[in-house]
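Naming convention: chains lettered A, B, ... in sequence-line order (proteins, then strands); numbering from 1 in each chain. Bear in mind the structure is a predicted one, so any value in this text is a computation, not a measurement.
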Amino acid sequence: MYHDGAIMRLLRERIEEELTNILGKKYGIRVDFFLEESKDESFGDYTTNLPFKLAKELKKDPSEIGEEIASDLREFTALENISIKKGFLNFRVSLRSLNEILGEILASPEDFGKSNLGKGTKVNLEFVSANPTGPLVIVNARAAAVGDSLKKIMNFCGFFVESEFYVNDAGTQIEKLRRSVEARIMELQGLKSDFPEDGYQGEYVYDIAKKIIEDNFNGDPGQFAVDYIHQWQKSTLERYRVKFDNFVFESWIRKSEYPEKTKKTLESHGLLYKEENGALLFKSTVFGDDKDRVLIRSNGEPTYFFFDLAYHLYKMDRKYNVLVDIWGPDHHGYIPRMKAGLEALGFDTENFKVLVAQQVNLIRDHEKVKMSKRKGEIYSMDDLIEEVGSDAARFFFLTRTVNSHLDFDLALAKTIGVQNPVYYIQYSHARIASLLDFAKEKGYSPEGGKGSLLTEPEERSLMRKIMLFPDTLQSVSRTLEPHLLARYLLELAELYHSYYQKVRIVTEDKERSNARLLLSFGVKSVVKNGLNLLGVQAPERM
RNA sequence: GCCCCCGUAGCUCAGAAGGAUAGAGCGGCGGUUUCCUAAACCGCAGGCCAGAGGUUCGAAUCCUCUCGGGGGCACCA
């Protein structure tokens with residue numbers, strides 16, 4: 001993914017390096033500090049807390065240290081307006097540097113935002129991983145939006161990410177599905193059937209049964225049902241524009257060498273023991289879990305956890321540097337045991353991250369949509385795509401931190417207008433597309449634009465915001481929180497709409513118009529790249 | 001009972017490696033269009049960051065406790 005030509009080193013990275021150099025030369029020490037977007041644009045573009053950090057080490061006044069650093073930093077021509085306020089070192093990026101960024105975008109719009117933060121780190125990103133026993137549901141849609149977007153963003157930042165869906169196509173739930181289908185087949189054929197107590201009630205079980213009868217299928221109805229549902233889930237994801245790199249089947253894991261390998265490894269570390277009733281347990285408490293976990297039940301049946309652990313060993317075997325799992329809200333109690341397992345198998349759990357995609361409440365008419373899984377009354381991911389569309393659905397999931405509960409207002413997601421952030425952002429893109437067409441007819445174009453003519457304060461704010469796009473993507477990669485990008489785009493669109501209203505872009509002054517078109521083109525490119533990274537389309541016309 | 005997440009404007013949520021006057025959207029109220037897309041813009045109102053202690057130059061942010069909401073505590077997955 002990394003091409004030297006296409007990826008400029010970020011300005012922020014260059015400033016960081018400059019600060020580190022000064023630190024070494026002047027004080028001969030290293031300290032951790034941050035360099036971040038200034039809280040308030042009036043302070044500058046970037047801020048560092050370096051003086052505070054040094055003050056502690058050197059037992060000196062932060063302002064004094066700030067001055068010392070500032071005097072060296074003034075040599076660095078990309079910066080200007082270096083100032084110290086209350087111990088913070090602030091500076092602005094020179095207009096010239098901002099202009100250069102617009103030039104970069106013009107040269108290669110689709111590459112803007114790329115960086116090499118990941119340095120090729122190999123990441124396995126597992127998400128959705130639903131049982132093939134029914135339709136995908138809302139929380140799957142949330143995980144899919146987050147996972148797919150993270151993958152795209154991290155790849156943009158120089159990671160090598162593979163997305164993976166673990167299919168639990170074996171075990172007791174599948175057995176239950178098989179019995180449910182069999183019962184429905186009997187029922188449809190007018191035979192006496194006894195539907196399992198806790199069977200799958202959904203209408204789709206009838207569909208599967210019908211299909212089996214129609215096709216004269218003689219094999220295992222359980223396997224037929226699994227294949228059917230797996231294809232169904234895949235087509236749902238496709239409509240949502242999510243495509244997985246890998247599907248790993250539990251049935252395959254069961255037959256592979258990994259269960260045995262897992263057992264042997266744990267055994268060799270003395271981490272297994274048998275209870276009197278014959279159950280085999282893993283001493284996960286050694287690694288901080290609440291209790292030891294059963295790998296093989298007293299009846300000889302292995303647990304889900306055992307195969308899941310074996311599956312994670314398979315991931316380790318494929319030499320990923322980092323493993324990221326996105327789980328549903330009902331799995332968070334599962335984290336300590338998986339962590340313990342990975343540690344026991346020799347994986348550095350610093351590089352194992354679990355995101356819990358929290359519960360989603362659907363809101364219709366200011367009330368929660370009630371669902372009953374037992375009665376088969378569920379609002380599925382298909383229903384959501386049908387009702388609000390993939391763009392709005394994906395964007396809404398990405399405006400919140402992964403970790404917090406989310407109220408999804410169906411009416412708002414369908415609204416066309418300011419109220420709905422998706423359309424608001426898309427509109428900025430369409431607006432600029434149309435503007436560029438209009439300008440073209442007059443013989444104007446961004447190619448002829450000189451950034452130096454962008455002297456309005458709003459123009460500087462926009463350039464500054466554009467500059468912060470790659471930084472935002474890096475933040476997402478670091479924190480695994482794609483909502484940072486959604487919010488960034490909202491702010492960018494807001495700045496542009498406001499600018500557009502205030503300042504006429506295409507005027508009789510061709511030079512100035514071209515400069516403004518250059519800036520507009522920059523905004524358009526960032527919006528487009530940003531939306532694409534969120535899996536949302538950027539329309540040319542609305 | 002134990003564990004996890006959460007409690008910030010009327011509503012939905014940002015802000016959490018401690019830092020500069022606490023932000024946004026929606027909703028509410030009031031304005032803007034002979035002019036490049038009004039699917040837009042501008043203005044106003046709205047807060048004891050659940051509460052109480054503590055840590056220090058400084059706390060929405062860290063620690064302890066209390067209250068309130070959600071979820072998890074299987075030889076289910």
Side-chain angles (χ1 to χ4, degrees), chain A residues 32-34 36 38-40 42-43 47 49 52 55 62 85-88 90 129-131 133 168 170-174 176 198 250 275 277-281 289-291 293-308 328-336 356 358-359 361 363 366 396 399-401 403-409 412 415-428 430-439 441-442 444 479 481 483-484 486-487 490-491 493-494 496-507 513 516-517 520 539 541-542:
Chain A
D32 281 330
F33 62 94
F34 64 68
E36 61 179 17
S38 299
K39 264 211 174 112
D40 191 317
S42 67
F43 296 139
T47 298
N49 65 346
F52 283 110
K85 277 199 197 92
K86 300 193 175 179
F88 289 97
N90 299 308
S129 296
N131 290 346
T133 54
N168 309 125
T172 53
Q173 295 306 311
I174 299 303
K176 207 159 84 183
D198 53 352
E250 183 180 340
E275 279 190 338
N277 58 21
L280 184 71
L281 280 86
D289 196 7
D290 292 342
K291 50 184 286 196
R293 302 295 171 175
V294 175
L295 296 184
I296 303 195
R297 302 181 186 113
S298 50
N299 66 7
E301 269 291 307
T303 59
Y304 171 82
F305 173 58
F306 178 50
F307 291 119
D308 201 10
D330 51 336
H331 273 64
H332 86 248
Y334 193 79
I335 297 172
V356 175
Q358 285 291 354
Q359 190 183 314
N361 294 315
I363 308 292
H366 307 288
F396 269 65
T399 52
R400 304 280 185 266
T401 57
N403 201 1
S404 66
H405 297 206
L406 172 117
D407 282 357
F408 194 111
D409 187 333
L412 179 62
T415 304
I416 292 180
V418 223
Q419 301 93 319
N420 189 338
V422 198
Y423 294 123
Y424 184 82
I425 296 168
Q426 287 181 324
Y427 181 57
S428 70
R431 199 174 215 186
I432 297 171
S434 153
L435 172 71
L436 291 170
D437 286 347
F438 176 84
E441 280 174 26
K442 293 196 74 155
Y444 292 4
T479 60
E481 285 287 5
H483 80 280
L484 297 173
R487 287 182 176 269
L490 207 50
E491 285 162 15
E494 205 176 334
Y496 190 78
H497 283 313
S498 177
Y499 170 65
Y500 182 91
Q501 199 75 22
K502 194 180 167 201
V503 174
R504 173 110 192 150
I505 313 281
V506 177
T507 64
S513 298
R516 289 175 176 169
L517 289 170
S520 298
R541 296 270 171 279
M542 286 175 80

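- The 5' end of RNA chain B is approached more closely, in terms of each residue's nearest nucleotide, by A/Thr399 than by the other of A/His497 and A/Thr399.
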Using atom names, set out every protein N or O paired with an N or O of nucleotides 3-7 of chain B below 3.5 Å, distance rounded to 0.1 Å.
from, atom 1, to, atom 2, distance (Å)
B/C5, O2', A/Asn403, O, 3.4

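- A stacking contact between A/Tyr500 and B/A40 is absent: the pair does not combine a ring-centre distance of less than 5.5 Å to the base's six-membered ring with planes differing by less than 30°.
- Of the inter-residue distances, the one linking A/Ser38 atom OG with A/Phe88 atom CZ reads 10.0 Å to the nearest 0.5 angstrom.
- OP1 and OP2 of B/C76 both lie 4.0 Å or more from every side-chain N or O belonging to A/Arg293.
- Per the stacking criterion (ring centres < 5.5 Å, plane angle < 30°), A/Phe43 stacks onto the base of B/A20.
- Not one side-chain nitrogen or oxygen of A/Ser498 sits closer than 4.0 Å to the OP1 or OP2 atom of B/A40.
- In this structure, of B/A40, B/G71, B/C76, it is B/G71 that holds the atom nearest to the side chain of A/Gln359.
- Between the side chain of A/Asn90 and the base of B/A20, a donor-acceptor pair under 3.5 Å is found.
- The aromatic rings of A/Tyr304 and A/Tyr334 sit tilted relative to each other, their planes meeting at an angle between 30° and 60°.
- The phosphate of B/A20 (OP1 or OP2) has no side-chain N or O of A/Lys85 nearer than 4.0 angstrom.
- Closest contact between the side chain of A/Tyr424 and the listed nucleotides B/G15, B/A77, B/C41 involves B/C41.
- Heavy atoms only, all atoms of each residue included: A/Val506 and A/Ala439 are closest at CG2-CB, 4.0 Å.
- Contacts of A/Leu281 with the nucleic acid, taken as non-hydrogen atoms under 4.0 Å apart, are absent.
- Between the side chain of A/Asn277 and the base of B/C75, at least one donor-acceptor pair of N or O atoms lies under 3.5 Å.
- Among the atoms of the strands shown, none is found under 4.0 Å from any heavy atom of A/Tyr423.
- Closest contact between the side chain of A/Leu435 and the listed nucleotides B/C36, B/C41, B/A77 involves B/C36.
- In the interface, the side chain of A/Glu301 is not paired with the base of B/C75 through any donor and acceptor atom under 3.5 Å apart.
- Base-pair partner of B/U32: B/A40 (Watson-Crick or G-U wobble, both distances under 3.5 Å).
- For A/Glu494, the side-chain atoms get nearest to B/G25 when compared with the rest of B/C13, B/G25, B/C76.
- If you check B/A77, B/G15, B/C75 against the side chain of A/Glu275, the one that comes closest is B/C75.
- Considering only side-chain N and O atoms, A/Arg516 lies nowhere under 4.0 angstrom from the phosphate OP1 or OP2 of B/C36.
- In this model, a side-chain donor or acceptor of A/Thr47 finds a partner on the base of B/A20 within 3.5 Å.
- When heavy atoms are screened at a 4.0 angstrom cut-off, A/Pro329 is found touching the sugar-phosphate backbone but no base atom.
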